[in-house]
Amino acid sequence: MPQTEYKNNKEWNGRGSLRDFITKLVMHKYFQPVIISIILLNGLIIVSETYFAGNSVLLALDLIIVWIFVLEVLLKLVGYGLKGYFSDRWNIFDFLIVVASLIFYATPFVSILRLIRVLRLIRLIPAIPALRKIIDSLMKSIPALTGILGLSFLIFSIYAIIGTTFFSEVLPYEFFGSFHTALFTLLQVVTFESWASQVARPIINEVPWAWAYFVSFIIIGALVILNLVVAVILSYLGQDDELEREEKMERLLRENQELKGDIQEIKQIILDSYHKKNGHDQENLK
């Protein structure tokens with residue numbers, strides 16, 4: 001949640017109490033679950049419209065939900081402030097979806113309106129922390145994945161060229177007839193979708209050594225490359241947890257050092273008072 005700085009803003013003055021109330025409202029522990037429930041209800045309405053197209057009740061409920069989302073955005077804008085609200089990129093995404101819903105709601109572009117309605121369901125991602133964490137990790141892993149994706153494209157290209165060179169006359173054109181059709185066929189092979197009966201076995205019957213082509217491609221493409229992608233993503237998923245643990249350890253270390261300092265000061269005060277008392281007692285004895 002973005003943090004607001006409204007306490008130091010003197011422009012609010014008398015309106016500060018209203019903003020305090022709205023801030024407490026949007027940061028209340030039940031506010032986000034209510035929004036999630038409304039998003040899920042919106043999804044049920046969208047699904048229902050596929051069975052009951054043009055139903056007036058469903059359309060009315062959809063319009064009510066749109067205005068609820070508008071109210072949510074307005075409350076967050078007031079509660080967090082413009083800077084605090086737009087500092088979170090997920091809030092920017094929410095804002096764009098809600099604005100697009102309002103713009104296209106009364107337009108004749110039915111297909112675009114339906115697309116915007118479906119995109120509203122993506123708002124579940126920022127609303128649910130677990131989903132948000134996964135997407136954030138995926139976005140952070142993109143730079144690391146570029147090298148793996150480049151290697152994947154190189155391997156696919158090499159095998160596609162080999163396939164078009166040796167297998168173009170064995171199967172119909174849509175399998176290895178050209179470079180782009182060969183790429184699509186290899187994608188089918190790497191996903192294990194009917195690759196053996198539809199692609200591999202007919203070719204092996206005509207070209208006996210083709211088994212080495214398919215076996216090596218599956219080992220490299222499916223078992224190695226895809227596992228590398230999964231490993232990179234999992235490493236970034238665990239990275240956030242590791243950072244949180246490090247921050248907790250640093251905070252505990254600082255608190256421990258502060259506590260030691262306080263104890264040392266108390267000890268020094270006690271020693272000073274003890275020495276001062278002994279000094280007074282010796283003077284009284286003299």
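Atom set for the values below is all heavy atoms of this structure, side chains included, hydrogens, waters and symmetry mates excluded.
- Note: the hydrophobic cluster containing Ile97 does not contain Leu44 (ILVMFWY, side chain heavy atoms under 4.5 Å, direct or indirect links).
- Relative orientation of the Tyr213 and Phe217 rings is parallel, given thresholds of 30° and 60° on the angle between their planes.
- Considering only heavy atoms from C-beta on, Trp67 comes within 4.5 Å of Leu63 through its side chain.
- Heavy-atom minimum distance, Gly79 versus Ile22: N-CG2, 3.9 Å.
- Looking at Phe167 and Val199, their side chains never come closer than 4.5 Å, going by heavy atoms from C-beta outward.
- Listed here is the closest heavy atom pair of Val189 and Ile218: CG1-CG1, 3.9 Å.
- For Pro143, there are no side-chain contact (heavy atoms from CB on, under 4.5 Å) partners two or more places apart in sequence or in a different chain.
- Taking NZ of Lys76 as the start and CZ of Phe95 as the end, the distance is 13.0 Å to the nearest 0.5 Å.
- Side chains of Phe214 and Ile203 form a contact here, defined as non-hydrogen atoms less than 4.5 Å apart.
- Here OH of Tyr85 is found 4.5 Å from CG of Asn91. Values are rounded to the nearest 0.5 Å.
- In the hydrophobic clustering of ILVMFWY residues, with side-chain heavy atoms under 4.5 Å counting as a link, Val57 and Ile45 come out together.
- Rounding to the nearest 0.5 Å places OG1 of Thr181 at 10.0 Å from CZ of Phe179.
- Close placement of the Phe166 and Trp209 rings is indicated, their centers lying within 6.0 Å of each other.
- With hydrogens and angles disregarded, a donor-acceptor distance shorter than 3.5 Å links the side chain of Gln188 to the backbone of Glu193.
- Closest heavy-atom contact between Phe175 and Thr185: O-OG1, 2.6 Å.
- Taken from OH in Tyr30 to CD1 in Ile35, the straight-line distance is 15.5 Å, to the nearest 0.5 Å.
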Practice item. Using the side chain to side chain contact (heavy atoms under 4.5 Å, CB included) rule, take Tyr80 and Met27 through it: C-alpha gap first, then chi angles, then the decisive distance, then the call. Key: CA-CA 9 Å; Tyr80 298 148; Met27 298 188 72; 3.9 Å; yes

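- Ile148 and Ile158 fall within the same hydrophobic cluster, where Ile, Leu, Val, Met, Phe, Trp and Tyr residues are linked whenever their side-chain heavy atoms come under 4.5 Å apart, directly or through other members.
- Within the 4.5 Å cutoff, the side chain of Val190 has heavy atoms near those of the Leu187 side chain.
- Residues in residues 151-171 take part in these side-chain hydrogen bond (donor to acceptor under 3.5 Å, both in side chains) pairs, two or more places apart or across chains: Tyr159-Ser216.
- Between the CD1 atom in Ile155 and the CD1 atom in Ile220 there is a gap of 5.5 Å [rounded to 0.5 Å].
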Exercise for review: Give the C-alpha distance, both sets of side-chain angles, the deciding distance and a yes or no for side chain to side chain contact (heavy atoms under 4.5 Å, CB included) between Phe69 and Ile39.
Suggested key: CA-CA 9 Å; Phe69 288 154; Ile39 295 173; 3.8 Å; yes

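- Heavy-atom minimum distance, Pro202 versus Leu171: CB-CD2, 3.7 Å.
- A distance-only check finds no donor-acceptor pair linking the side chain of Asn42 to the backbone of Ile38 [under 3.5 Å].
- Interatomic distance, CD1 of Ile65 versus CG of Leu41, reported as 4.0 Å (0.5 Å rounding).
- Closest approach of Leu75 to Phe31, counting heavy atoms only: CD1-CE1, 4.4 Å.
- Heavy atoms from other residues, nucleotides or ligands lying under 6.0 Å from CZ of Phe192 number more than 12.
- In this structure, Phe153 places its CZ atom where only 12 or fewer heavy-atom neighbours from other residues, nucleotides or ligands lie under 6.0 Å away.
- Ile219 shares a hydrophobic cluster with Ile204, Trp211, Val215, Leu223; the chain of contacts runs through ILVMFWY side chains whose heavy atoms sit under 4.5 Å apart.
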